[in-house]
Visitor: 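The structure that follows is given in the form of structure tokens.
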Amino acid sequence: MASILVFGETDDAGLTAPTLEMLGAASRLSGDLGGGVALALIGSGLADAAAVAGPAGADTVYTADADSVAAYQTDSYLPVAQGIVEQDSPAVVLMSQSSMGRDLAPRLATRLGTAAIMDSLGLEVEGDRVKATRSCYGGNARQVVTVQTDPQVVTVRPKSQDPLEADASRSADVIAVDVAEPTLRARTTGKEQAESEGIRLEDAEIVVSGGRGLGGPEAFADLESLAGVLTAAVGSSRAACDLGWYPPSQQVGLTGTVVSPTLYVAIAISGASQHMAGCGGSKNIVAINKDPDAPIFAFSRFGIVDDYKKVLPALESAFAEALD
Amino acid sequence: MDVIVCVKQIPDPETPAAAFKVDEAAMQVLPAQGISPVISPFDAQAVEAALRIKDASGDGSVNIISLGPDSARDAIKHSLAMGADEGYHLKDDAFDGGDAWTTALALSKAIQHLGVPDVLIFGRQAADWDQGTVGSIVAELLDLPSATVLRAVEMTGDSITVSRVVADGFENIELPTPCVLTISNEFGDPRYPQLRQIMQAARKQVTELTAADLGLDASEVGAAGARVQMHALFQPTSDVEVEIIEGDTPEEKAAGLVNALREAKIL
């Protein structure tokens with residue numbers, strides 16, 4: 001039995017960055033809760049990912065390794081996740097606020113007779129409860145909450161927690177879990193991969209983002225050009241995505257991707273709270289906006305008050321010269 | 001097809017940040033002066049999705065349920081004005097201080113009370129607490145298949161095909177009926193009620209249901225039944241001081257910014 005069971009996710013590199021971050025948080029919190037850290041992996045071909053779980057902070061790894069659960073589907077993952085929680089009986093279950101976590105956490109919690117707190121930013125232990133600080137009201141407010149029933153299910157916002165330095169001397173016990181043939185009611189019939197050229201938003205050191213103030217979809221070509229010079233990813237506000245100017249996969253914000261690059265360049269973005277919920281963790285924000293009263297400036301280290309159409313070409317050549 | 005949509009009335013999420021105030025002691029958001037509460041935008045999109053299913057199937061109904069104080073009636077009326085058929089208001093002091101769990105419990109009882117429809121639709125999250133769990137909890141309580149965070153919903157014969165927004169694209173999912181769906185902002189704009197529809201909706205009866213009507217004891221709902229406890233509510237503060245880069249020309253400003261970034265060792 002672990003004090004904290006982390007439901008991890010894998011990608012080509014092994015454990016995803018949010019999984020490593022959750023293991024870091026779990027290691028920090030488990031000391032106060034008095035118990036170990038377990039990682040649960042559901043998927044296909046998990047051996048490599050399971051091998052790095054120990055160095056990343058797990059004491060135990062549960063692997064549910066089967067082709068039938070290669071990709072997340074509510075109906076196939078739910079009984080497997082339930083089985084692992086019942087086998088381990090942890091005090092706390094952590095999941096990422098990912099496509100999987102958003103969908104799985106509330107259903108799993110209900111099935112276990114408990115509740116889930118979603119999208120937490122900060123986690124502290126008080127007594128036997130995990131106090132989670134989370135954003136609400138579109139980023140305008142924060143609340144501190146606890147789950148009063150057991151186990152306490154909490155989803156964690158990517159990049160809100162620090163991973164441990166990998167320690168190769170640590171290893172985890174691997175427990176293989178049987179996967180019964182799932183009964184699918186809702187069935188995934190296909191997937192459309194978003195056309196993503198260049199750097200993934202969540203991995204980028206620099207993000208160049210545009211908002212409604214751009215006035216139309218054409219301007220994103222100029223942002224892409226600037227991003228090319230900076231080796232940056234291109235993001236968009238929800239307003240611009242909802243207008244169809246840029247793909248939803250590039251949306252930065254509460255309902256999109258959360259980014260925390262070294263440099264976030266916000267171009268013609270007003271700085272609505274729900275957008276700041278997605279980029280507020282950036283180390284440095286630079287805003288270009290013609291409205292000197294735009295809320296974005298309150299979050300920015302540097303600002304230029306001017307029409308982006310005039311500034312952008314000059315900025316691109318200035319960056320190109322500086323980085324040459 | 002018969003559809004039920006669950007909606008919530010919330011403080012307008014477009015409230016300017018400067019007008020947004022919190023009473024920290026009461027752990028409540030204070031109503032902003034002159035800014036009326038609205039139906040949660042994702043819920044309006046959920047009503048739109050339901051109306052399109054009804055239009056495409058040629059018959060059936062779209063009924064609305066909302067749990068909340070008196071003001072929840074306005075979210076129901078807005079949905080009726082959009083074209084929904086009947087409204088049900090879960091209204092009881094016993095519901096006060098509840099959480100996602102108690103809300104979902106009461107909604108699931110109300111849905112069973114009315115008869116489980118072919119499709120149940122929710123917004124992906126209420127734009128006040130931003131939890132996004134009520135739809136999934138109801139699905140679990142009613143033992144129904146679910147698909148969440150959807151940008152498109154289509155009827156194909158007796159089943160429903162949806163497009164789910166995921167981190168790296170979209171998943172196509174096929175569900176049998178009855179099922180639970182939650183709608184995301186990518187779905188597109190909901191229809192806006194015309195004056196004539198608003199007048200018609202104003203005359204429509206909204207049925208009120210109490211905890212007792214749903215077979216729920218006061219100890220199961222509201223603060224007494226809540227599984228999540230709030231300890232604090234506050235507004236975040238930003239400790240950044242912005243430096244505006246001045247210049248007579250865009251070129252000067254651009255060069256100034258690049259210099260500033262270099263001096264701060266950001267570049």
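The figures that follow rest on heavy atoms only: side chains count, while hydrogens, waters and symmetry mates do not. So that the names make sense, note that chain A is the first sequence line, chain B the second, and so on, each numbered from 1.
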Visitor: Which atom names give the shortest non-hydrogen contact between B/Pro236 and A/Ala141, and what distance separates them?
Guide: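 Closest approach of B/Pro236 to A/Ala141: CD-CA, 3.9 Å.
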Visitor: One thing to verify: whether A/Arg187 and B/Glu174 come together as a salt bridge, which I'm taking to mean a side-chain N less than 4.0 angstrom from a carboxylate O.
Guide: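 No, no charged N to carboxylate O under 4.0 Å.
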Visitor: By a 4.5 Å heavy-atom criterion (distance strictly below it), what part of B/Ser184 contacts chain A: side chain, backbone, both, or neither?
Guide: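 No part of it gets close to chain A.
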Visitor: Below 4.5 Å, heavy-atom pairs only: which of A/Asp242, A/Val147, A/Ile206 has the largest tally toward chain B?
Guide: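 Highest number of pairs under 4.5 Å: A/Asp242.
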Visitor: Does any heavy atom of chain A fall under 4.5 Å from the side chain of B/Glu246, the backbone, both, or neither of them?
Guide: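 Contact with chain A involves no heavy atom of B/Glu246 at all.
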Visitor: Would you mind telling me which of A/Ile285, A/Val305, A/Leu184, A/Leu312 has the largest number of heavy-atom pairs within less than 4.5 Å of chain B?
Guide: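 That would be A/Val305.
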Visitor: Please flag which part of B/Val149 lies under 4.5 Å from any non-hydrogen atom of chain A: side chain, backbone, both or neither.
Guide: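 Contact with chain A: side chain only.
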Visitor: Which pair of heavy atoms, one from B/Ala167 and one from A/Ser249, lies closest together, and at what distance?
Guide: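 In this case the closest contact between B/Ala167 and A/Ser249 is O-CB, 4.3 Å.
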Visitor: Does any heavy atom of chain B fall under 4.5 Å from the side chain of A/Gln251, the backbone, both, or neither of them?
Guide: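 Contact with chain B involves the side chain of A/Gln251 alone.
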Visitor: When only pairs under 4.5 Å are counted, which of A/Asp307, A/Val311, A/Ile304 shares the most heavy-atom pairs with chain B?
Guide: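 Among the listed options, the one with the most contacts to chain B is A/Ile304.
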Visitor: Between A/Arg134, A/Arg142, A/Arg129, who has the most heavy-atom pairs with chain B when the cutoff is under 4.5 Å?
Guide: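 Ranked by heavy-atom pairs under 4.5 Å with chain B, first place is A/Arg142.
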Visitor: Is A/Ser300 reaching over with its side chain to a backbone N or O of B/Val242, donor-acceptor style, under 3.5 angstrom?
Guide: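 Pair absent, no side-chain N/O of A/Ser300 close to backbone of B/Val242.
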Visitor: If you count heavy-atom pairs within less than 4.5 Å of chain A, which of B/Leu267, B/Val29, B/Val22 leads?
Guide: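 It is B/Val29.
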Visitor: If you count heavy-atom pairs under 4.5 Å between each of B/Pro145, B/Pro13, B/Ala264, B/Gly169 and chain A, which one has the most?
Guide: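 The candidate making the most pairs under 4.5 Å is B/Pro145.
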Visitor: Quick one: OG1 on A/Thr146 to CZ on B/Arg227, what's the gap to the nearest 0.5 Å?
Guide: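 Result: 14.0 Å between the selected atoms.
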Visitor: Where do B/Glu186 and A/Pro248 come nearest, in terms of heavy atoms and distance?
Guide: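 Scanning both residues completely, I find the closest heavy atoms to be CG-CB, 3.6 Å.
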Visitor: Heavy atoms only: give me the nearest B/Gln125-A/Leu254 pair and the separation to one decimal.
Guide: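 Scanning both residues completely, I find the closest heavy atoms to be NE2-CD2, 3.7 Å.
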Visitor: Using a 4.5 angstrom heavy-atom cutoff, name the option from A/Leu104, A/Thr74, A/Ile117, A/Asp75 with the most pairs to chain B.
Guide: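 Highest number of pairs under 4.5 Å: A/Ile117.
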Visitor: Between the main-chain N or O of A/Ala322 and the side-chain N or O of B/Arg262, is there a donor-acceptor pair closer than 3.5 Å?
Guide: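 Checked: pair present.
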Visitor: By a 4.5 Å heavy-atom criterion (distance strictly below it), what part of B/Trp129 contacts chain A: side chain, backbone, both, or neither?
Guide: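 Both the backbone and the side chain of B/Trp129 come within 4.5 Å of chain A.
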Visitor: Given that the side chain runs from C-beta out, which part of B/Gln235 has a heavy atom under 4.5 Å from chain A: side chain, backbone, both or neither?
Guide: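 For B/Gln235, the contact with chain A is made by backbone and side chain together.
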Visitor: Between atom OG1 of A/Thr155 and atom CD of B/Gln131, what is the distance when rounded to the nearest 0.5 Å?
Guide: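 That separation rounds to 7.5 Å.
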Visitor: Tell me, out of B/Ile160, B/Leu144, B/Asn259, B/Val162, who's got the most heavy-atom pairs with chain A below 4.5 Å.
Guide: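 Highest number of heavy-atom pairs under 4.5 Å: B/Leu144.
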Visitor: Which value, rounded to the nearest 0.5 Å, describes the distance between A/Asn140 atom CG and B/Asp128 atom CG?
Guide: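 Answer rounded to 0.5 Å: 12.0 Å.
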Visitor: Which atoms of A/Thr114 are under 4.5 Å from chain B, going by heavy atoms: the side chain, the backbone, both sets, or neither?
Guide: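 Answer is backbone: N, CA, C or O of A/Thr114 sit under 4.5 Å from chain B.
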Visitor: Between the side chains of B/Asp168 and A/Lys191, is the shortest nitrogen-to-carboxylate-oxygen separation below 4.0 Å, so that they form an ion pair?
Guide: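 Yes, A/Lys191 and B/Asp168 are salt-bridged.
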Visitor: Which answer fits B/Phe42, side chain, backbone, both or neither, if we ask what part of it has an atom under 4.5 Å from a heavy atom of chain A?
Guide: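 Only the side chain of B/Phe42 comes within 4.5 Å of chain A.
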Visitor: Could you check whether atom CD of B/Glu154 has more than 12 heavy atoms from other residues, nucleotides or ligands sitting under 6.0 Å from it?
Guide: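 Result for CD/B/Glu154: open.
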Visitor: Is it the side chain or the backbone of B/Ala127 that comes within 4.5 Å of chain A heavy atoms, both, or neither?
Guide: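 Backbone only.
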Visitor: How about CD on A/Glu126, more than 12 heavy atoms from neighbouring residues, nucleotides or ligands closer than 6.0 Å, or not?
Guide: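 Not buried by this count: 12 neighbours or fewer within 6.0 Å.
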Visitor: With rounding to the nearest 0.5 Å, note down the distance linking OG1 in B/Thr133 to CG in A/Asp103.
Guide: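 The distance works out to 12.0 Å.
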Visitor: With only heavy atoms counted, which part of B/Phe20 is less than 4.5 Å from chain A, the side chain, the backbone, both or neither?
Guide: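 Side chain of B/Phe20 only, per the 4.5 Å heavy-atom cut-off to chain A.
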Visitor: Tell me, out of A/Lys283, A/Met100, A/Gln143, A/Arg185, who's got the most heavy-atom pairs with chain B below 4.5 Å.
Guide: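 So the answer, after comparing A/Lys283, A/Met100, A/Gln143, A/Arg185, is A/Arg185.
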Visitor: Less than 4.5 Å to any heavy atom of chain A: does that hold for the side chain of B/Leu257, its backbone, both, or neither?
Guide: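 For B/Leu257, the side chain is the part near chain A, not the backbone.
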Visitor: Answer with yes or no whether the side chains of A/Arg102 and B/Thr148 bring together a donor and an acceptor at under 3.5 Å.
Guide: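 No, A/Arg102 and B/Thr148 have no side-chain donor paired with an acceptor closer than 3.5 Å.
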Visitor: How close do B/Ser136 and A/Pro106 get, heavy atom to heavy atom, and via which atoms?
Guide: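 In terms of heavy atoms, the two residues are closest at CB-CG, 3.6 Å.
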Visitor: Counting only non-hydrogen atoms closer than 4.5 Å, does A/Ser270 touch chain B with its backbone (N, CA, C, O), its side chain (CB onward), both, or neither?
Guide: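 Contact with chain B: none, neither part.
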Visitor: So with a 6.0 Å cut-off around CG of B/Asp158, is the heavy-atom count from everything else above 12?
Guide: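 It does not: B/Asp158 CG has 12 such atoms or fewer within range.
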Visitor: Side chain, backbone, both or neither: which part of B/Pro16 has a non-hydrogen atom closer than 4.5 Å to chain A?
Guide: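 It is neither, since no heavy atom gets under 4.5 Å.
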Visitor: Is there a side-chain contact (heavy atoms from CB on, under 4.5 Å) between B/Trp101 and A/Thr110? Walk through the geometry before answering.
Guide: CA-CA 8 Å; B/Trp101 157 254; A/Thr110 307; 4.1 Å; yes
Visitor: Checking heavy atoms, do the side chain of B/Asp143, its backbone, both or neither come under 4.5 Å from chain A?
Guide: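 Answer is both: backbone and side chain atoms of B/Asp143 are under 4.5 Å from chain A.
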Visitor: To the nearest 0.5 Å, what is the distance between CD (A/Gln73) and CD (B/Glu171)?
Guide: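 Interatomic distance, A/Gln73 CD to B/Glu171 CD, rounded to 0.5 Å: 7.5 Å.
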Visitor: Determine the option with the most heavy-atom pairs under 4.5 angstrom with chain A, choosing from B/Glu14, B/Met230, B/Gln229.
Guide: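 Going by pairs under 4.5 Å, I would pick B/Gln229.
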Visitor: Which pair of non-hydrogen atoms, one from A/Phe302 and one from B/Ile266, has the smallest distance, and what is that distance?
Guide: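 That closest heavy-atom pairing would be CE1-CD1, 4.0 Å.
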Visitor: Could you tell me which of B/Glu252, B/Arg164, B/Glu241 has the largest number of non-hydrogen atom pairs under 4.5 Å with chain A?
Guide: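 Looking at each of B/Glu252, B/Arg164, B/Glu241 in turn, B/Arg164 comes out on top.
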Visitor: Would you mind reporting whether B/Leu261 and A/Phe319 have side-chain heavy atoms less than 4.5 Å apart?
Guide: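 The answer is yes; the side chains approach within 4.5 Å.
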Visitor: Is the backbone N or O of B/Thr249 less than 3.5 Å from a side-chain atom of A/Lys310, with the two atoms forming a donor-acceptor pair by type?
Guide: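 Not at all, since once roles are kept as given, no pair shorter than 3.5 Å links the two residues.
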Visitor: For atom NZ of A/Lys290, is the number of surrounding heavy atoms from other residues, nucleotides or ligands below 6.0 Å larger than 12?
Guide: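 Check fails, neighbour count at 12 or below.
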Visitor: Tell me, do B/Val258 and A/Glu321 make a side-chain contact under 4.5 Å, heavy atoms counted?
Guide: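 B/Val258 does not reach A/Glu321 side chain to side chain.
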Visitor: Mind ranking B/Ala226, B/Gly188, B/Cys179, B/Ser146 by heavy-atom pairs under 4.5 Å with chain A and telling me who comes out on top?
Guide: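 Most heavy-atom pairs under 4.5 Å with chain A: B/Ser146.
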Visitor: Please determine whether side-chain contact (heavy atoms from CB on, under 4.5 Å) holds for the pair A/Tyr137 and B/Ile10, giving the CA-CA distance in whole Å, both sets of side-chain angles, and the decisive distance to 0.1 Å.
Guide: CA-CA 10 Å; A/Tyr137 286 88; B/Ile10 62 161; over 6 Å; no
Visitor: Rounded to the nearest 0.5 Å, what separates atom SG in A/Cys136 from atom CG in B/Leu233?
Guide: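 Result: 5.5 Å between the selected atoms.
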